[in-house]
Amino acid sequence: MSPRSASVNEELRRRSRERFLQAAVELVGERGYEATTLGDIADRAGSARGLVSYYFPGKRQLVQSAVHRLMHRTLEEALEREPRTEDGRERMARAVDAILGLARDRTVLMRQHMAGLLQAEGFVRCPEQRRLAELLRDTVARHGSPDVDTDYPMLRSLLMGAVYAMVLPNVGMPLAPLRAELFARYRLDWDQGVPPDPEAPGGTCDTDFSRFFSTGGPSAGRQHAPDEPKPVDQSK
């Protein structure tokens with residue numbers, strides 16, 4: 001049997017990494033950060049436990065990368081949904097609604113994410129975080145910013161502040177007034193984006209993360225794929 005090409009091996013490694021990302025957001029959303037172990041994540045991903053360290057230096061880095069993936073794919077989906085638009089104000093409204101919607105719908109996950117950002121290492125610089133930054137910078141530019149380098153960090157900070165206010169235990173603010181404040185700042189009309197339904201209880205019960213993690217199909221069984229590097233021998 002001829003060996004697989006480098007491109008095939010790279011694709012298989014990408015799928016393995018994305019299985020870990022998906023497993024991380026699922027488990028942290030269900031149990032919280034402290035109750036989720038790297039072994040749990042590996043088991044949910046259907047991979048050998050020692051393999052996680054091949055892709056991520058630790059749980060904090062894995063979980064941040066996983067949440068940044070969820071955020072950038074949610075934002076991307078919102079910006080590109082039909083009817084597609086190049087209108088900068090509509091795109092800004094969609095961006096605000098996408099991020100606030102995550103805080104509403106994935107409260108436990110986003111609360112753990114915000115807590116992680118306050119740790120010493122702060123942001124984890126990873127492909128997922130960079131893609132999120134690119135989408136937000138592009139949104140600021142299309143909205144008409146004359147100085148994206150100044151206005152992008154401001155948008156990021158305002159969104160982080162709103163998310164923090166929503167996920168704060170026991171005293172979290174509702175989405176509507178935070179949305180109103182952000183919409184006023186960016187001169188957006190309330191009916192742009194996805195206005196919240198005042199009759200709805202808030203939040204969704206959707207727990208299917210699969211569309212945000214394109215692994216090329218579900219993993220089979222609990223065995224690690226033959227393309228994956230050998231798991232670390234924890235007994236040594």
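- Annotation: side chain of P146 is in contact with side chain of D151 (closest heavy-atom distance under 4.5 Å).
- The two residues V52 and A42 come nearest to each other via the heavy atoms CG2-CB, 3.8 Å.
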Atom pairs and distances, side-chain donor-acceptor, residues 160-183, under 3.5 Å, sequence neighbours left out:
residue, atom, partner, partner atom, Å
R179, NE, D97, OD1, 2.6
R179, NH1, W190, O, 3.0
R179, NH2, D97, OD2, 2.9
R179, NH2, W190, O, 3.4
R179, NH2, Q192, O, 2.7

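- The distance from the CG atom of L159 to the CE atom of M154 is 11.5 Å, given to the nearest 0.5 Å.
- The shortest non-hydrogen separation linking G193 to A93 is N-CB, 3.6 Å.
- Residues R111 and Y33 have side chains not in contact (no heavy-atom distance under 4.5 Å, counting atoms from C-beta outward).
- Between R73 and E77 no salt bridge is recorded (no basic side-chain N to carboxylate O distance below 4.0 Å).
- The closest donor-acceptor contact from the side chain of R91 to the backbone of T85 lies under 3.5 Å.
- The cluster map of Ile, Leu, Val, Met, Phe, Trp and Tyr, joined by side-chain heavy atoms under 4.5 Å apart, puts L38 and F20 in the same cluster.
- Neither I41 nor V108 shares a network with the other; the hydrophobic side chains, linked directly or stepwise wherever heavy atoms of I, L, V, M, F, W or Y lie under 4.5 Å apart, form separate groups for each.
- Note that the CD atom of Q64 and the SG atom of C126 stand 7.5 Å from one another [nearest 0.5 Å].
- No side-chain heavy atom of R81 sits under 4.5 Å from any side-chain heavy atom of R84.
- Aromatic ring pairs are classed by plane angle as parallel below 30°, tilted from 30° to 60° and perpendicular above 60°; the pair Y186 and H143 is perpendicular.
- Clustering ILVMFWY residues whenever any of their side-chain heavy atoms sit less than 4.5 angstrom apart, transitively, puts V194 in a cluster other than the one holding L100.
- Atom CG of residue L51 and atom CZ of residue F56 lie 10.0 Å apart, to the nearest 0.5 angstrom.
- Considering CZ of R89 and CZ of R187, their distance stands at 7.5 Å, rounded to 0.5 Å.
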Margin query: side-chain contact (heavy atoms from CB on, under 4.5 Å), that's the test. Do L21 and E128 meet it? Break it down for me.
Written below: CA-CA 10 Å; L21 294 173; E128 288 76 22; 3.6 Å; yes
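- Looking at S65, its side chain never comes within 3.5 Å of a backbone N or O of L62 through a donor-acceptor pair.
- Among the candidates L155, L79, D87, the single residue satisfying the side-chain contact (heavy atoms from CB on, under 4.5 Å) test with M92 is L155.
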Next item on the list: Test side-chain contact (heavy atoms from CB on, under 4.5 Å) on K59 and T37 and set out the steps.
Entry: CA-CA 8 Å; K59 185 170 74 167; T37 68; 5.8 Å; no
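- In this structure, Q22 and E18 have side chains that are not in contact, with every pair of non-hydrogen atoms separated by 4.5 Å or more.
- Contact check for H113 versus L70: no side-chain heavy atoms found under the 4.5 Å cut-off.
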Donor-acceptor pairs under 3.5 angstrom involving side-chain atoms of residues 129-136: please list them, not counting sequence neighbours.
residue, atom, partner, partner atom, Å
R131, NH1, E134, OE1, 3.4
R131, NH2, E76, OE2, 3.0

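- Of the residues listed (R44, R31, R19), the one engaging E26 in a salt bridge (Lys or Arg N to Asp or Glu O under 4.0 Å) is R44, and it is the only one.
- Atoms OG1 and CZ, from T139 and R137 in turn, are 11.5 Å apart once rounded to the nearest 0.5 Å.
- A cation-pi geometry, defined here as NZ or CZ lying under 6.0 Å from the six-membered ring centre and within 45° of its normal, does not hold between R17 and Y54.
- Across every non-hydrogen atom of D40 and A35, the tightest pair is OD2-O, 3.7 Å.
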